[in-house]
Amino acid sequence: MKPMPVEYYRAESIEDAINTMVAFPGARLLAGGQSLVPMLNLRIMPVSHLVDIKKIDSLHRVEESPDHIRYGAALTHAQFEDGAVPDACGGLLRHVASGIAYRAVRNRGTVGGALSLADASTDWVTAMLTAGATIIAQGPDGSRRIPMRDFVQSPYQTALNPENELLVAVEVPRVSSSCDWGYYKIMQKPGEYASSLAGVLRDTERNVSRAVLGGGNRAPVLLETTAGILARAGGWTDQLKAELSQAIASDLAQASRAGEPWEQHSWTNCVLRAARQALAGKASTLEQSS
Ligand SMILES: Cc1cc2nc3c(=O)[nH]c(=O)nc-3n(C[C@H](O)[C@H](O)[C@H](O)COP(=O)(O)OP(=O)(O)OC[C@H]3O[C@@H](n4cnc5c(N)ncnc54)[C@H](O)[C@@H]3O)c2cc1C
């Protein structure tokens, strides 16, 4: 199918993009176009105007400070994958980017586009929650900070106002050099959207431990009890596995995340595998199920 006719506008600046959205209700931002263009072709998203933000210089910026790195929204997955931007999470972001779809998608798809779309089965939504990131949004009334834990409200729904707000950057806290992480996806084949994703980040030096379950057509969940156990864990043992399995079940119940027994099994295993990777030392045994 071909899309409905749309008006195309190339924004020169963030303010220009916001003003255009305000002037034309129903306008949508166009970043890498990897999700939006297929949706337009299928006519499942009514759009009157496209506001192209790819050429806005400030959205390509990387700003480093001692505590965090701020990534501009228009940076592509490929730039993370290639190490063209520094990795605040000791390799986690690079690893995540390299597993997104296929290289052709990664060349054009952007971190800001993926987060704004908030498709539950996509990678950045889970990975940035694991990283403890903060979204920087800008609208007609100025800019605001939204912690990742409050950003995705449900699949395809975020805290952004889609009528007039732009995700301009994502700020990721730096981890220490001794930080360990794990990241595991379950999908039909490499390059496909995942049915479950899990991220674990354990930075004892910074007193940070996070475990996240994504996918399952729901907003990603922070697993607090599971993260608490991981913070204190030594090596991988059967006892730890049993303790973690119980904690994951309790965290999911707390988050009212119910599913068929096979789904619960798959979610639990996804988190356990990410946890095991983290405890084995970052990226030592990275594998993903397909
Ligand atoms: C075949 C295929 C397989 C894929 N597999 C995966 C996968 O395995 N994992 C994964 O994570 N992703 C996957 N994706 C999605 C891919 O990562 C997209 O790049 C991403 O979801 C959207 O980014 P984009 O820059 O292309 O955004 P666009 O398609 O341009 O925009 C997506 C939406 O976000 C809005 N938007 C874009 N930028 C902003 C902004 N800065 N502020 C506010 N709103 C904005 C747009 O208005 C639109 O509604 C896949 C895509 C394809 C086509």
Side-chain angles (χ1 to χ4, degrees), residues 3 6 8-11 13-14 17-18 20-21 24 26-42 44-56 58-61 71-81 93 95-129 135-139 143-144 146 151-152 155-170 183 185-197 199 214-215 220 288 290:
V6 289
Y8 173 87
Y9 182 79
R10 178 175 288 168
S13 64
I14 293 171
I18 294 167
T20 311
M21 288 173 84
F24 300 103
R28 281 287 170 271
L29 299 170
L30 174 69
Q34 297 304 293
S35 297
L36 184 55
V37 171
M39 287 193 286
L40 292 179
N41 287 342
L42 292 168
I44 53 178
M45 187 185 260
V47 175
S48 59
H49 292 70
L50 281 181
V51 184
D52 191 340
I53 56 173
K54 273 194 308 290
K55 300 282 182 208
I56 301 177
S58 57
L59 296 182
H60 293 265
R61 235 174 250 155
Y71 300 98
L75 292 167
T76 62
H77 313 322
Q79 285 174 290
F80 284 88
E81 176 184 18
L93 304 183
H95 171 74
V96 167
S98 70
I100 296 176
Y102 313 100
R103 182 69 194 194
V105 173
R106 300 198 289 270
N107 279 338
R108 300 186 73 89
T110 65
V111 64
L115 288 167
S116 308
L117 184 66
D119 178 336
S121 58
T122 58
D123 290 84
W124 287 128
V125 168
T126 294
M128 288 300 181
L129 185 58
I135 299 296
I136 315 296
Q138 192 170 326
S143 68
R144 63 184 178 125
I146 312 166
F151 183 66
V152 180
Y156 302 107
Q157 186 151 8
T158 69
L160 287 177
N161 181 342
E163 299 304 322
N164 61 22
E165 226 175 4
L166 208 90
L167 188 161
V168 294
V170 53
Y183 188 76
K185 303 203 272 184
I186 296 177
M187 57 207 161
Q188 297 261 320
K189 64 179 170 102
E192 288 283 299
Y193 286 101
S195 57
S196 308
L197 312 88
Q288 49 199 18
S290 49

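Read the numbers this way: they start at 1 and go in the same order the structure lists the ligands and their atoms. In what follows, every heavy atom counts, from backbone to side chain, and hydrogens, waters and symmetry copies are set aside.
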Visitor: Which pairs, with at least one residue in residues 107-120 and sequence neighbours excluded, count as a salt bridge (charged side-chain N to carboxylate O under 4.0 Å, His left out)?
Guide: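 Every pair satisfying salt bridge (charged side-chain N to carboxylate O under 4.0 Å, His left out) with a residue in residues 107-120: there are none.
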Visitor: Considering only protein heavy atoms, which is closest to atom 43 (C) of ligand 1, and at what distance to one decimal place?
Guide: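 Nearest protein contact, heavy atoms only, for atom 43 (C) of ligand 1 is S116 OG, 3.2 Å.
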Visitor: Just heavy atoms, cut-off under 4.0 Å: does S35 contact ligand 1 by side chain, backbone, both, or neither?
Guide: both
Visitor: Looking at H60 and K54, would you say the former's side chain and the latter's main chain have a donor-acceptor pair under 3.5 Å?
Guide: yes
Visitor: Which heavy atom of the protein is the closest neighbour of atom 52 (C) of ligand 1, given with residue, atom name and distance?
Guide: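 It is Y193 OH, 3.7 Å.
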Visitor: Kindly compute the distance separating CG (L93) from CE (M128), expressed to the nearest 0.5 Å.
Guide: 5.0 Å
Visitor: Can you find a heavy atom in the side chain of V168 that is under 4.5 Å from one in the side chain of S143?
Guide: no
Visitor: Evaluate G33 for polar contact with ligand 1, using N/O atom pairs at a separation under 3.5 Å.
Guide: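 Min N/O separation from ligand 1 is below 3.5 Å for G33.
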Visitor: Please report the interatomic distance OG(S195) to CE(M187), rounded to the nearest 0.5 Å.
Guide: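 Interatomic distance, S195 OG to M187 CE, rounded to 0.5 Å: 9.0 Å.
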Visitor: Note the single closest protein heavy atom to atom 37 (C) of ligand 1, along with its residue, its atom name and the distance in Å.
Guide: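 Sorting protein heavy atoms by distance from atom 37 (C) of ligand 1 puts G113 CA, 3.5 Å first.
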Visitor: Quick check: Y71 with W124 (ring centres under 6.0 Å apart)?
Guide: no
Visitor: Going by the closest heavy atom to atom 16 (C) of ligand 1, which one wins out of R106, H77, E165?
Guide: H77
Visitor: Side-chain contact, heavy-atom cut-off 4.5 Å: L50 with L40?
Guide: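 With C-beta onward as the side chain, the pair touches.
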Visitor: Could you list the atoms of ligand 1 found under 4.0 angstrom from a heavy atom of G32?
Guide: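 Counting from 1, the qualifying ligand atoms are 24 (P), 25 (O), 26 (O), 27 (O), 30 (O).
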Visitor: Name the closest protein heavy atom to atom 41 (N) of ligand 1, giving the residue it belongs to and the distance to 0.1 Å.
Guide: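 So the nearest neighbour among protein heavy atoms is L167 O, 2.9 Å.
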Visitor: Tell me, do T158 and E165 make a side-chain contact under 4.5 Å, heavy atoms counted?
Guide: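 T158 does not reach E165 side chain to side chain.
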Visitor: Start with the C-alpha distance between E192 and Y102, add both sets of side-chain angles, then the distance that settles side-chain contact (heavy atoms from CB on, under 4.5 Å), and finish with yes or no.
Guide: CA-CA 9 Å; E192 288 283 299; Y102 313 100; 3.7 Å; yes
Visitor: Evaluating non-hydrogen atoms only, which member of L166, V111, T122 is closest to atom 12 (N) of ligand 1?
Guide: T122
Visitor: Indicate the atoms forming the closest heavy-atom contact of A97 with R106, along with that distance.
Guide: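 Taking every non-hydrogen atom into account, O-CD, 3.0 Å.
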Visitor: With backbone taken as N, CA, C and O and side chain as the heavy atoms from C-beta onward, which portion of V105 lies under 4.0 Å from ligand 1: side chain, backbone, both, or neither?
Guide: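 Just the side chain.
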Visitor: Decide whether an N or O pair under 3.5 Å exists between T110 and ligand 1.
Guide: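 Such a contact does occur with ligand 1.
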Visitor: Taking salt bridge (charged side-chain N to carboxylate O under 4.0 Å, His left out) as the cut-off, I'd like each qualifying pair that reaches into residues 28-38, sequence neighbours left out, listed once.
Guide: none
Visitor: Who's the nearest protein heavy-atom neighbour of atom 5 (N) of ligand 1, and how far?
Guide: A101 CB, 3.2 Å
Visitor: Within the structure, does W124 bring an N/O atom to less than 3.5 angstrom of an N/O atom in ligand 1?
Guide: no
Visitor: Please work out, at 4.0 Å between heavy atoms, whether the side chain, the backbone, both, or neither of L59 comes within that distance of ligand 1.
Guide: neither
Visitor: Around atom 49 (O) of ligand 1, find the nearest protein heavy atom and jot down its residue, atom name and distance.
Guide: M45 CE, 4.0 Å
Visitor: Between Q34 and ligand 1, does any nitrogen or oxygen pair lie at a separation below 3.5 Å?
Guide: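 Among all N and O atoms of Q34, at least one is under 3.5 Å from an N or O of ligand 1.
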Visitor: Taking heavy atoms and a distance under 4.0 Å, where does E192 meet ligand 1: side chain, backbone, both or neither?
Guide: backbone
Visitor: For atom 29 (O) of ligand 1, what's the nearest protein heavy-atom neighbour? Residue, atom name and distance, please.
Guide: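 Ranking protein heavy atoms by distance from atom 29 (O) of ligand 1, first comes L36 N, 2.7 Å.
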Visitor: With only distance considered, is P38 within less than 3.5 Å of ligand 1 through an N or O on each side?
Guide: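 Looking only at distances, the answer is no, because the N/O contact criterion of under 3.5 Å is not met.
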Visitor: Show me which atoms of ligand 1 lie under 4.0 Å from any heavy atom of A73.
Guide: 41 (N)
Visitor: Taking side chain as C-beta onward, heavy atoms only, is D123 less than 4.5 Å from K185?
Guide: yes
Visitor: Identify the protein heavy atom lying closest to atom 46 (C) of ligand 1, giving its residue, its atom name and the separation to 0.1 Å.
Guide: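 Here the closest protein heavy atom is L29 O, 3.0 Å.
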Visitor: How close do V105 and Q34 get, counting heavy atoms only, and between which atoms?
Guide: CA-OE1, 3.7 Å
Visitor: With heavy atoms of G109 as the reference, note each atom of ligand 1 found under 4.0 Å away.
Guide: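 With G109 as reference, the close atoms of ligand 1 come out as 19 (O), 25 (O), 26 (O).
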Visitor: Could you say whether the N/O atoms of R28 and ligand 1 ever approach to under 3.5 Å?
Guide: no
Visitor: Taking only heavy atoms of D123, which atoms of ligand 1 are found under 4.0 Å from at least one of them?
Guide: 7 (C), 8 (O), 9 (N), 10 (C), 11 (O)
Visitor: Got L167 and L115 here, is their nearest side-chain heavy-atom distance under 4.5 Å?
Guide: yes
